[in-house]
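A quick write-up on the structure given underneath.
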Amino acid sequence: MLPVFCRFNRAYDNHVIAINVSQICFLESDGNSTTIFFSDSHFVVVAGDLDRVQSKIEDSTRSAVISSLAA
């Protein structure tokens with residue numbers, strides 16, 4: 001599977017980062033921010049609640065699949 005990247009704002013400094021959503025293991029949220037875990041020791045905290053972050057990931061994944069089918 002090709003890498004699929006999605007942009008988020010890091011929660012603590014609002015810096016824009018691109019995350020390879022193909023490598024995500026699970027998400028955890030406290031309401032205002034969401035932690036994206038890649039493994040037990042690798043994670044990043046992004047701005048946005050769980051529903052917003054999950055929707056963004058699903059949208060970028062869907063767009064990547066559609067683009068690959070159109071090619």
Kindly compute the distance separating [atom1] ([X]) from [atom2] ([Y]), expressed to the nearest 0.5 Å.
| X | Y | atom1 | atom2 | result |
| --- | --- | --- | --- | --- |
| Gln54 | Ile36 | CD | CD1 | 11.0 Å |
| Asn9 | Ser33 | CG | OG | 12.5 Å |
| Ser29 | Arg52 | OG | CZ | 11.0 Å |
| Asp51 | Leu27 | CG | CG | 10.5 Å |
| Leu50 | Asn32 | CG | CG | 12.5 Å |
| Asn20 | Phe38 | CG | CZ | 8.0 Å |

Margin query: Show me the pairs that pass salt bridge (charged side-chain N to carboxylate O under 4.0 Å, His left out) and involve residues 2-19, at least two apart or across chains.
Written below: Arg10-Asp13

Next item on the list: Kindly determine whether Val45 and Tyr12 satisfy side chain to side chain contact (heavy atoms under 4.5 Å, CB included), including the steps that lead there.
Entry: CA-CA 8 Å; Val45 181; Tyr12 72 91; over 6 Å; no

Next item on the list: Group every Ile, Leu, Val, Met, Phe, Trp and Tyr by side-chain heavy-atom contacts under 4.5 Å, then state whether Phe5 and Val46 land in the same group.
Entry: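 Hydrophobic grouping puts Phe5 apart from Val46.
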
Notebook entry, point to check: Looking at Cys6 and Ile57, what are the two nearest heavy atoms and their distance?
Noted result: SG-N, 4.4 Å

Next item on the list: Taking all heavy atoms of Ser22 and all of Pro3, pick out the closest pair and write down the distance.
Entry: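 Ser22 and Pro3 have their closest heavy atoms at OG-CA, 3.8 Å.
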
Notebook entry, point to check: So, Arg62 and Asp59, do they make that salt bridge, N to O below 4.0 Å?
Noted result: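 Yes, charged N to carboxylate O under 4.0 Å.
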
Next item on the list: Describe, in one word, how the ring planes of Phe43 and Phe37 are oriented to each other, choosing from parallel (under 30°), tilted (30 to 60°) and perpendicular (over 60°).
Entry: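 Tilted: the ring planes of Phe43 and Phe37 meet at 30° to 60°.
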
